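None of these values were measured; they are calculated from a predicted model. In the text below, chain A, chain B and the rest are named by the order of the sequence lines, each starting its count at 1.
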Amino acid sequence: MARSISYREAINEALAQEMERDPAVVVLGEDNAGGAGAPGEDDAWGGVLGVTKGLYHRFPDRVLDTPISESAFIGAAVGAATRGLRPVAELMFIDFMGVCFDQIFNQAAKFRYMFGGKAVTPVVIRAMYGAGLRAAAQHSQAMYPVFTSVPGLKVVLPSSAYEAKGLMIQAIRDDDPVIFCEHKAMYDTVGEVPQESYTIPFGEANVVREGGDATVVALGRMVSVAEEAADELAQAGVQCEIVDPRTTSPLDADTILESVEQTGRLVVVDEAGPRCGLAADISALVAREAFGALQAPIGTVTAPHTPVPFSPSLEDLYIPDAQQVAAAVKSVVDWKR
Amino acid sequence: MSDERIGRVAMPKWGLSMKTGKITEWIAAEGDEVEEGDDLAEIDTDKIAGTLEASEGGVLRRIVAEAGTDAPVGCTIAVVAPAEVPDAEIDAVVAEAREQLARGVPEEDDGPRTETAEVGGRAISYASLGDGDEVVVLVHGYGGDKNSWLFVQEPLAAGRTVHALDLPGHGASAKDVGDGSLEFLADTVLGFLDAVGARSAHLVGHSLGGAVVTAAAARAPGRVRSLTLVSPAGYGPEADADYLRGFAAAGTRRELKPQLLKLFADESQVNRQLVDDLLKYKRLDGVDAALAALLRTLLGEDGRPALDVTGLLGVTPVAAVWGAQDRIIPPSNAASLRAAGAGVRVVEGAGHMAHMEAPAAVVAAVEEALKGS
């Protein structure tokens, strides 16, 4: 039975249902249990933005507060995964990856390969990304392209409450390390989510809406921005097909290419920067595999190649918005040789 | 007070989630004489496109919402009245309706109520509409759910109680299907009658649901007053086993869509939303196991259709409807029903989903079955 819950509640429900189903699932991170770190506190924060709230009281032995040492607790989670647990570790801000990156890219990502498939590492690393919360340059970045570039990691970007729950359950059941990227400005967005457990397979894009004039590939929070632009464009008679890859690794190239073969035009919208990101990656894919179908140059809408500004007015300009997306779509639709 | 001869044609509510509908085309024009059941307009919802039929006869005096308009459920979109009702009275109703439409305020929601009953320890979800002593229960097919009856539940509900249920393993019901046998499903339907306090009922079944209601009637002939079968399974040897296997196995949009296209005469019915809703259902925990268990009931060990309910037909009056373009269970299967004396309607322009593509024929068949009981 579906009902409306928030993105935050959807992730919390996925964690609770999987902990209920499988005693190997454990949750750890800073402030995941008590907030103040003391067991049994009724005002447990459940993480800095409350995503794990309530879990400690239901599963007191399986929700662990950790010291403020990402290298230690991410390393512990990776090690525990190789020994049979299914840890879900919260890195808090994705920007903190720097202090624990060896544990992720050079350990977790490599085990299956280096041990000839005899070791699996079913760890989920939750991390908040994205600008818009006035959290400045060190707490607002969209770092998922870095993880996407590492073979052996799966990278998930839920764009709604429905995707958040199904992708989290899939992440926990998956035998490979998964980087689960939550946009912190989306926690209160509400959507229809089934009460029952369900999984969304990795590597299967969602066609958010169909349209024949241009394909818009949008990631994470940018899906709703693309939808806003598509509504505006529809008034002007331009029909966009919006493709949400849902996972950047694996990437559902087939759905993107099939869509571009129908529309002949592509705009990629990403909150990460323009260099070595998904906009560049997907543009290259389409230019390489569907060049013959393209009727216009590929458009990209990304944040600029700068740190996320602290100034609120500059931060607002930094994040791609619907007007920029609509303008990019118009320019590829109106393009003349 | 407006003249009670003036009929307001309202935006229908097709399915639980429908809030507004878009009129894509008016089939009837202002000034046309319309009979009950005549096609009035094509309406598109986010789920499906359908045809709105006249619920009463008269002259289509005025179209309130032109083609292209989005109107909330319950809003008056046209006015039907006998020719002798003066224009001034019609104008007053139209003015009121236009104002309502401009405000976008729908009338009170009178769509189906979703409820849950417990049958044999399992939660059975169902949608109820109407109020009356006579009870009609609609039973969907393999992989379907209660919402598939969206076009027929409302017309049937005038003066009756009409329940559309989700079989175990389907929709919002519990996903455990026991041994997956026809008997188990039939007993669930009979247990559902107990749960809603219905001593007897008229049963309507589509595809697998057709076999289920037939088995229910055989198990409790005194409680099943009539059967209406829409492309029922189990009445003949011809069924597309590849469809059943393909539907059960499909995990992605790319795998599922080609299977769904086989269900309809008009393939444009298979829109993004329909595929998406079914994928969402198929991803729920327990659904794969449920569909696999039921597949073993539908197909024999040799992979060929195995269900046979022809021996179960008893004294219960039966009416049947078949889409002429049904590619899943072709209308040639109706021979056994004709031989048993059942009235069989074969409808052009409909595939396996006659209740969605030709709802008026299904409603007419149910009415006929009810009269015969």
Exercise for review: Between chain A and each of B:Arg253, B:Lys175, B:Arg272, count heavy-atom pairs under 4.5 Å; write down the option with the most.
Suggested key: B:Arg272
Point to revise | A:Glu210, part contacting chain B, at a heavy-atom distance under 4.5 Å | key: both
Exercise for review: Identify which part of A:Asp254 has an atom lying under 4.5 Å from any heavy atom of chain B, answering side chain, backbone, both or neither.
Suggested key: both
Point to revise | Contact class of B:Asp166 relative to chain A, heavy atoms under 4.5 angstrom | key: neither
**Study point:** Note: B:Asp44-B:Lys22 ion pair, threshold 4.0 Å (strictly below)
**Key:** no
Study note, to complete from the structure: If you tally heavy-atom pairs under 4.5 Å between each of B:Lys280, B:Gln273, B:Lys282 and chain A, the highest tally belongs to B:Lys280
Check your understanding: Is atom CG of B:Asp131 surrounded by more than 12 heavy atoms (other residues, nucleotides or ligands) closer than 6.0 Å?
Key -> no
Practice item. Examine the side chains of A:Ser6 and A:Glu9 and answer whether a donor and an acceptor come within less than 3.5 Å of each other. Key: yes
Exercise for review: Measure distances from A:Ile169 to the heavy atoms of chain B and classify the residue's part below 4.5 Å as side chain, backbone, both or neither.
Suggested key: neither
**Study point:** Parallel, tilted or perpendicular: rings of B:His170 and B:Tyr142 (30°, 60°)
**Key:** perpendicular
Review point. According to the interplanar angle, ranging from 0 to 90°, do the rings of A:Tyr198 and A:Tyr162 count as parallel (below 30°), tilted (30 to 60°) or perpendicular (above 60°)?
Key: parallel
Review point. Are A:Thr189 and A:Arg221 close enough that a side-chain donor and a side-chain acceptor fall under 3.5 Å?
Key: no
Practice item. Sort A:Glu192 into side chain, backbone, both or neither according to what part of it lies under 4.5 angstrom from a heavy atom of chain B. Key: neither
